[in-house]
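Below is one structure; the comments refer to it alone.
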Amino acid sequence: QVQLVESGGGLVQPGGSLRLSCVASGSIFKINAMNWYRQAPGKERELVARVTSDGTTDYVDSVKGRFTISADYAMYTAALKMANLKPEDTAVYYCNVDAVSNGMTMIYWGKGTLVTVSR
């Protein structure tokens, strides 16, 4: 079993920056990938960024050049650094991991942290 806790959400003005953090804990044997998703009001949940254990990253087009994902696999943590935030970035952001726990590979979700971009 793996638990994820996100933090760092809040209210920020357009053009501002914010850093989200995710910490995984539990019976973790290995984490294969760490991801950030978001769900805006009235929208489907979408994958924002991901980083695999070898450092490979990927981003949704709308955040390229503005968001940076990083992870410390030894510490079971991931971060999403967000810059030049726009109102359309407003969403609940969820940490997601692909992890091996008790011999099984499973997907785990955090509860989410709210990011509001507004004046």
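No experiment lies behind these values; they were computed from the predicted model shown.
Residues Met34 and Tyr73 form a side-chain contact, since some pair of their non-hydrogen atoms from C-beta on lies under 4.5 Å apart. Side-chain contact between Phe67 and Thr57 is absent, with no heavy atoms from C-beta onward closer than 4.5 Å. Using a 4.5 Å heavy-atom cutoff, the side chains of Cys95 and Trp36 are in contact.
Across all their heavy atoms, Gly10 and Leu18 have their closest contact at N-CD2, 4.0 Å. Looking at every heavy atom in both residues, Gln3 comes nearest to Gly26 through OE1-CA, 3.8 Å. Nearest approach of Val51 to Ala71, heavy atoms of both residues: CG1-CB, 3.7 Å. Residues Ile31 and Ala24 come closest through the heavy atom pair CD1-CB, 4.2 Å. Contact detail for Tyr94 and Glu6: the closest heavy-atom pair is CA-OE2, 3.4 Å.
Checking Asn96, Asn35, Asp58 one by one against Arg50, the side chain to side chain donor-acceptor pair (under 3.5 Å) holds for a single residue, Asn35.
Linking Ile, Leu, Val, Met, Phe, Trp and Tyr whenever their side-chain heavy atoms come within less than 4.5 Å puts Val60 and Leu20 in one cluster.
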Thr52 and Asn32: CA distance, side-chain angles, deciding distance, side-chain contact (heavy atoms from CB on, under 4.5 Å) verdict: CA-CA 6 Å; Thr52 59; Asn32 300 310; over 6 Å; no
side-chain contact (heavy atoms from CB on, under 4.5 Å) evaluation trace for Leu80 with Arg19: CA-CA 6 Å; Leu80 185 68; Arg19 182 182 183 274; over 6 Å; no
Derivation and outcome, side-chain contact (heavy atoms from CB on, under 4.5 Å), residues Tyr59 and Val48: CA-CA 6 Å; Tyr59 303 88; Val48 178; 5.8 Å; no
Would you tabulate the side-chain donor-acceptor contacts of residues 99-119 under 3.5 Å, counting partners in other chains and residues two or more places apart, or write 'none'?
from   : atom 1 : to    : atom 2 : distance (Å)
Ser101 : OG     : Gln1  : N      : 2.7
Ser101 : OG     : Ser27 : O      : 2.6
Thr113 : OG1    : Gly9  : N      : 3.1

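Partners of Lys43 by side-chain hydrogen bond (donor to acceptor under 3.5 Å, both in side chains), not counting sequence neighbours: none found.
Using a cutoff of 4.0 Å between basic side-chain nitrogens and carboxylate oxygens, Asp89 and Lys86 are not scored as salt-bridged.
Clustering of Ile, Leu, Val, Met, Phe, Trp and Tyr side chains at separations under 4.5 Å leaves Val23 isolated, with no partner residue.
Side-chain contact, Tyr93 with Arg38: a donor N or O sits under 3.5 Å from an acceptor N or O.
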